[in-house]
2 protein chains.
Amino acid sequence: MSEHPNIQEAKRPERATADTVAKLAGVSRVAVSRAFNPHASLKKEKRDLILKIAKELGYTPDMAGRALVTRRSHLVGVIVPDVCSPWESQEIDALTTALQGEGFATLLFKTRTDQSMDERLLTYMKGFNLDSIIAFAENVSPDTLTHSLGRAVPIYVSYSEDGSLPNQPGSTSVFDRLIVDQKTGIDQAVALMQAYGCRNFAYLGGTTTSLANTERERAFKCIMKERGLPDPLVLQGDYTYETALASTLDLFKVGEGVDGIFSANDVGAFGVIDALRFQLGLRVPEDVKVVGFDDIAQSGWLSYNLTTVKIDLEDRVRALVRLILRRLKDPNAPAMTETLQTRLIVRGTVGS
Amino acid sequence: MSEHPNIQEAKRPERATADTVAKLAGVSRVAVSRAFNPHASLKKEKRDLILKIAKELGYTPDMAGRALVTRRSHLVGVIVPDVCSPWESQEIDALTTALQGEGFATLLFKTRTDQSMDERLLTYMKGFNLDSIIAFAENVSPDTLTHSLGRAVPIYVSYSEDGSLPNQPGSTSVFDRLIVDQKTGIDQAVALMQAYGCRNFAYLGGTTTSLANTERERAFKCIMKERGLPDPLVLQGDYTYETALASTLDLFKVGEGVDGIFSANDVGAFGVIDALRFQLGLRVPEDVKVVGFDDIAQSGWLSYNLTTVKIDLEDRVRALVRLILRRLKDPNAPAMTETLQTRLIVRGTVGS
DNA sequence: ACGGATAGTGAAAACGTGTTCATTTTAAAT
DNA sequence: ATTTAAAATGAACACGTTTTCACTATCCGT
């Protein structure tokens, strides 16, 4: 086994391995491994030599081999129904940046359009031995995930303090959670709309199976009651522009006289605004006031200039990464909860 | 080695491995491997038994172990400067769907804001042993990529027939390419603008280092000349809404009397439109006509209703996946080229 | 019934890495 | 100078899989 590999090596410039570097540096292969692990003890000059030769050869530790023994793939799975959706693409972007800085890469998986997951896909995902999983698709049950996903611990995002879904009594597994307090921001929104004279409110929902939507609707109704306002009209939606547009047209076909619409997301609010302005000949904000949720980049564009409830994206991603890293460092640590606030961003769709 | 693993197994429910399945099914581990490889020869009833037991145990072949010996990671890298950019997020979405169907997962990497890549990141990427790489960031030179990326063969997207960047004479490596013929669509756009009376054209560029932008500008100027029109004014841009807005304001500050603006991308066109309508008090399309490029979903929204040059996303992704799979099947196949057409989508920003 | 081809099978050897463990070298402390 | 602790080192093993390579059972046609 001393000269044999050279024959193959002569044929093609084979990928440099730790052994290649070790022989060239006159050290053992273990030393090469240690050179790439900052915490391992290795004489400084020897490490420098190894790293120098490694760079010349273009050697990089192979993740597959490393994953096999360390049981760390350095891969974080992101399950998402639709990458194009602005809020989600913004979060994926920020998440990728943050994780990349910590030495992890994000692996993208798409659910079916109904946000459910193929059995085949789950099996497939398991094979990658993901270090962590973030489920944007809220139609994937925690138990399904843990059952199908080896050692990776999913992180769940809840939208109310009482944690409506994960950590059920029946389930043995405990999840780290990020709780988003949506009520504060929504209350500010309703207060502003009320101050500008709204009397008849409507709530345009997102996908009905979405946890975020369920809690937004609940919070909205609760606030209406607290402020002594009548129960709002609820429009069916699915977070898309097209459906929002159609639902708004339907709403005003029966002439309800609604003068304040709160949408479960910004893209939906765009649909509402365009329906009002271009199809119904109504003015925003003079005739109807509109508020969205998310504060995506497009909400600042002048054509919409949308007043909206903001979840601070950087805070959110920072919290997620913190949870992921902590769980990775100590898999047996007790479940942890991070909390996030929301606040109203005032622009031009309620009053000037 | 017969009873030893059971001790560990008793402690925690260890991840099921091929050996676990093999022992339970009373076959060799090789049989298990074959059961999961459809092309391997294995008695049907034995395969069924193995797959059944595997499902009960929740066993899935480990990708790391598999990658080590097959030299196929089933990972496709996507290098992108900004996931949020609508066109790119749409393409990532479609690509992920298509690749997922073929058994590959997409791994996301972000460049720095100047679209260049950290040396550290390249080294890092190499470690994942990617099966293929698609570079959305056009500031990463082909040679840098091939030098730093083991056996993965990058796919390049060019925007002119003469292939301005890859396959240079100096470079030894040959790349598969996807050529987008932008001229046809741009010519249709100019023709329409001209028909509606445009006399003074301006071109709002994207990032100057972007290949797509360079070729779009070249094609636009060429068409202007062919149609006997004067050289267009060129505005600096970077594909963002904010810069487009600012550039448009600058343009009309000197009162050039421009009546037709062609933007290198749709998001830029949105900035142009909003500057004209909300800051300069001009009407679109009556006073100034605007055309974009890409045909992202937002271009159909009524507030913009943008006339734009479309690259068919599904065709594009289909072609990319075709190139990737072909290269993977035969790494030594000669370089291949796919070509894509563009065409104008007429909406409301040129004339009704 | 017989030869030959074919499908089915498992033992052993990879693939590239991190980690134990026992050993040697170096540094620090008396 | 001598003891004690700490740091540095490499051999062997482990991780989970696929791929040779022989070998056996099964099938077909004359």
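Per chain, numbering begins at 1; letters A, B, ... match sequence-line order.
Phe36(A) comes within 4.0 angstrom of no nucleic acid atom, judged by non-hydrogen atoms across all strands. Counting any heavy atom pair closer than 4.0 Å across all strands shown, Ser33(A) reaches a base atom.
For the 3.5 Å distance criterion, the side chains of Lys110(B) and Thr96(A) fail to qualify, holding no donor opposite an acceptor. A donor atom on one side chain and an acceptor atom on the other are not found under 3.5 Å apart for Thr123(B) and Thr60(A).
A straight line from NZ of Lys126(B) to P of dG16(C) spans 13 Å, rounded to a whole angstrom. Between Lys23(A) atom NZ and dG10(D) atom C1' there is a gap of 15 Å when expressed in whole angstrom units. Asn129(B) has its CG atom 12 Å from the C1' atom of dT17(C), to the nearest Å. If you measure from atom CE of Met63(B) to atom C1' of dT17(D), you get 12 Å, rounded to the nearest angstrom. One interatomic measurement links the two molecules: CG of Leu42(B) to C1' of dT6(C), which rounds to 16 Å at whole-angstrom precision. Across the protein-nucleic acid pair, Phe128(B) atom CZ and dC15(C) atom C1' stand 18 Å apart, rounded to whole Å. Spacing between atom NE2 of His39(B) and atom C1' of dA7(C) amounts to 17 Å, rounded to whole angstrom units. Remark: C1' of dT17(C) and CZ of Arg71(B) are 13 Å apart, rounded to the nearest angstrom.
Among the nucleotides dA12(C), dT17(C), dG10(D), the one closest to the side chain of Tyr59(A) is dT17(C). If you check dC15(C), dG10(C), dT17(C) against the side chain of Asp62(A), the one that comes closest is dT17(C). Here the side chain of Ser41(B) is nearest to one of dA7(C), dG10(C), dT19(C), namely dA7(C). Nearest to the side chain of Val30(B), among dG18(C), dG10(C), dA11(D), sits dG10(C).
A donor and an acceptor atom never sit less than 3.5 Å apart when one is taken from the side chain of Arg66(B) and the other from the base of dT19(D). Taking only distance into account, the side chain of Arg29(A) meets the base of dG18(C) through a donor-acceptor pair shorter than 3.5 Å. Side-chain atoms of Arg34(B) and base atoms of dG10(C) include a donor and an acceptor less than 3.5 Å apart.
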Self-check item: salt bridge (Lys or Arg N to Asp or Glu O under 4.0 Å) between Lys23(B) and Asp19(B), worked out
Solution: CA-CA 6 Å; Lys23(B) 269 171 202 156; Asp19(B) 274 312; 5.6 Å; no

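Between Lys46(A) and dA8(D), a side-chain N or O to OP1/OP2 separation shorter than 4.0 Å is absent. Within the 4.0 Å cut-off from OP1 or OP2 of dC15(D), not a single side-chain nitrogen or oxygen of Arg15(B) is found. Residue Thr17(A) places at least one side-chain N or O under 4.0 Å from the OP1 or OP2 atom of dT17(C).
Of the residues near DNA chain C, Ala18(A) and Lys43(A), the one whose nearest nucleotide (by heavy atom distance) lies more toward the 5' end is Ala18(A). Summary of the strand contacts: Ala40(A) and Leu68(A) both lie near DNA chain D, and taking for each the nucleotide with the nearest heavy atom, the more 5' one is attributed to Ala40(A).
A salt bridge links Arg15(B) with Asp62(B): the closest approach of a Lys/Arg side-chain nitrogen to an acidic carboxylate oxygen falls below 4.0 angstrom.
For an aromatic pair to be called close, the ring centres must be under 6.0 Å apart, and Phe104(A) with Tyr124(B) fails this.
Taken to the nearest 0.5 Å, the CD1 atom of Ile324(A) stands 13.5 Å off from the NZ atom of Lys329(A).
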